[in-house]
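What's counted below: heavy atoms across the whole structure, side chains too, no hydrogens, waters or symmetry copies.
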Amino acid sequence: GMGGAGFPTHVKLSPKEPEKIDYVIANCAECEPYLTSDYRRMIEEPEKVIGGLKCVLELFDNAKGILAVEDNKPDCIKILKDLTRDEPRISVAALKTKYPQGAERALIYATTGREINSDMLPADAGCVVDNVDTLVAINAAVRYNIPLMERIVTVTGDAIKDPCNFRVMIGTNYKELIDEAGGFVSEPEKVINGGPMMGFALFDLDVPTTKTASALLCLTKDQVSSSKEGPCINCSRCVEVCPGRVIPARLADFAAHGDKENFRKWNGMECCECGCCSFVCPAKRQLTQQIKSMRKMILADRKKK
Ligand code: SF4
Ligand code: SF4
């Protein structure tokens, strides 16, 4: 899989009860700011996305295909609708533009009204979700016998001279991508592998791209908050924005104290690591980072058992 988690596609496409899959959802939401690689793919090579979706539908006789696109991409919606007009099993869903609409659980709910939690797989709700690049890779592999060798990477941010999308061989060095984009206009304060909400900071550019590398975001000093982390002021903003319906401030405290038991009890595993809580926190608390680390530890514990 070419989504952030890199979940293996062959596992996703081999549910225990394939006859119970009702929907194959193409995740065309691309909801994170700055990212445009899926957008370009849908504009320039929509037939490959649809071709991949049709390959997946071949595996699930009872399923319908949904191309789920946020409504801030009306040109993509039109192209996909035009190309699927004569496809009775495929429809295009125009979703409200709202971060994190592309998170798996949010997408399933928005397209089917079905809900899953962290203990469930999409297949438990009769759904299979694949992102745009994964569908393109499936199309290439199944129809043309071409293995996964390339992907589209967005190189962007105010520190980049000519922000653009590149089709790159997996393994291409990030330094080369920056040179191709005209280099830096000013020294970046922060370089992020991925989007601003879910990506992670890079401390060295001598790093190869991987199959899940959707973007390289180079931010200037003006774009990066320099405020230091302060104490929680109990404003509850993090709770209001949380799509996982948890209490980020409380979970971050449990994480800081290594309290796995309470972290689990307060539904910490329902966090989808969207980054909204950190984004809105006026105290600049590193909520997502702390919650994410704790989730990783708990998932590692589960694997050991
Ligand atoms: S990152 Fe924060 S806002 Fe997003 S789901 Fe997790 S706790 Fe909630
Ligand atoms: S948003 Fe920040 S300051 Fe406000 S309650 Fe949450 S952690 Fe505390």
Side-chain angles (χ1 to χ4, degrees), residues 4 29-39 72 97-103 152-166 168 172-210 212-233 235-244 248-249 251-253 255-256 271-296:
E30 196 168 51
C31 57
E32 266 209 80
Y34 288 98
L35 308 194
T36 53
S37 58
D38 287 353
Y39 171 74
N72 63 348
T97 301
K98 178 179 80 169
Y99 183 80
Q101 193 69 282
I152 311 266
V153 180
T154 304
V155 180
T156 187
D158 283 3
I160 291 286
K161 186 161 180 272
D162 300 314
C164 52
N165 285 290
F166 291 116
V168 303
T172 305
N173 198 290
Y174 278 130
K175 265 187 191 162
E176 291 176 59
L177 298 186
I178 289 167
D179 290 344
E180 275 302 310
F184 294 130
V185 280
S186 61
E187 200 50 36
E189 179 74 5
K190 198 171 193 180
V191 177
I192 298 173
N193 183 351
M197 304 298 280
M198 296 187 78
F200 55 88
L202 283 180
F203 296 97
D204 187 357
L205 292 173
D206 193 10
V207 177
T209 49
T210 61
T212 58
S214 57
L216 185 68
L217 176 58
C218 303
L219 302 172
T220 58
K221 206 166 185 179
D222 288 349
Q223 293 178 289
V224 179
S225 165
S226 57
S227 329
K228 287 214 175 84
E229 187 169 351
C232 175
I233 55 168
C235 67
S236 84
R237 283 191 210 172
C238 55
V239 181
E240 283 158 27
V241 297
C242 178
L251 291 175
D253 288 341
C271 164
C272 66
E273 302 179 3
C274 67
C276 292
C277 49
S278 300
F279 184 74
V280 298
C281 176
K284 303 289 170 210
R285 291 187 68 194
Q286 304 283 312
L287 300 164
T288 311
Q289 214 170 316
Q290 284 176 312
I291 295 169
K292 214 169 166 176
S293 306
M294 189 55 134
R295 288 186 81 247
K296 260 195 196 144

Please list, one pair per line, the donor and acceptor atoms closer than 3.5 Å that link side chains of residues 184-195 to other protein atoms, with sequence neighbours excluded.
{"unit_1": "Asn193", "atom_1": "OD1", "unit_2": "Tyr174", "atom_2": "OH", "d": "3.2"}
{"unit_1": "Asn193", "atom_1": "ND2", "unit_2": "Tyr174", "atom_2": "OH", "d": "3.4"}

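- For Met198 against Glu273, the heavy-atom pair with the smallest separation is CE-O, 3.2 Å.
- Contact of the Leu177 side chain with the Val168 side chain is registered, since non-hydrogen atoms from C-beta on lie closer than 4.5 Å.
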Extract all donor-acceptor atom pairs below 3.5 Å that involve side chains of residues 274-285 and protein atoms in other chains or at least two apart in sequence.
{"unit_1": "Ser278", "atom_1": "OG", "unit_2": "Leu287", "atom_2": "N", "d": "3.4"}
{"unit_1": "Ser278", "atom_1": "OG", "unit_2": "Thr288", "atom_2": "N", "d": "2.9"}
{"unit_1": "Ser278", "atom_1": "OG", "unit_2": "Thr288", "atom_2": "OG1", "d": "2.7"}
{"unit_1": "Arg285", "atom_1": "NH2", "unit_2": "Asp253", "atom_2": "OD1", "d": "2.8"}

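- Within the 4.5 Å cutoff, the side chain of Lys292 has no heavy atoms near those of the Cys271 side chain.
- Annotation for Cys235 and Glu240: closest pair O-OE2, 4.3 Å, computed over non-hydrogen atoms.
- For the pair Asp204 and Val207, the tightest heavy-atom approach, listed with the atom from each and the gap, is O-CG2, 3.1 Å.
- Contact check for Thr209 versus Leu216: no side-chain heavy atoms found under the 4.5 Å cut-off.
- Under the side-chain hydrogen bond (donor to acceptor under 3.5 Å, both in side chains) criterion, Thr154 pairs with Asn165, not counting sequence neighbours.
- Residues satisfying the side-chain contact (heavy atoms from CB on, under 4.5 Å) criterion with Thr97, sequence neighbours excluded, are Glu70, Asp71, Asn72.
- Every residue two or more places apart in sequence or in another chain that forms a side-chain contact (heavy atoms from CB on, under 4.5 Å) with Pro33 is listed here: Pro196, Met197.
- Residues that satisfy the side-chain contact (heavy atoms from CB on, under 4.5 Å) test with Asn173, not counting sequence neighbours, are Lys175, Glu176, Asp206.
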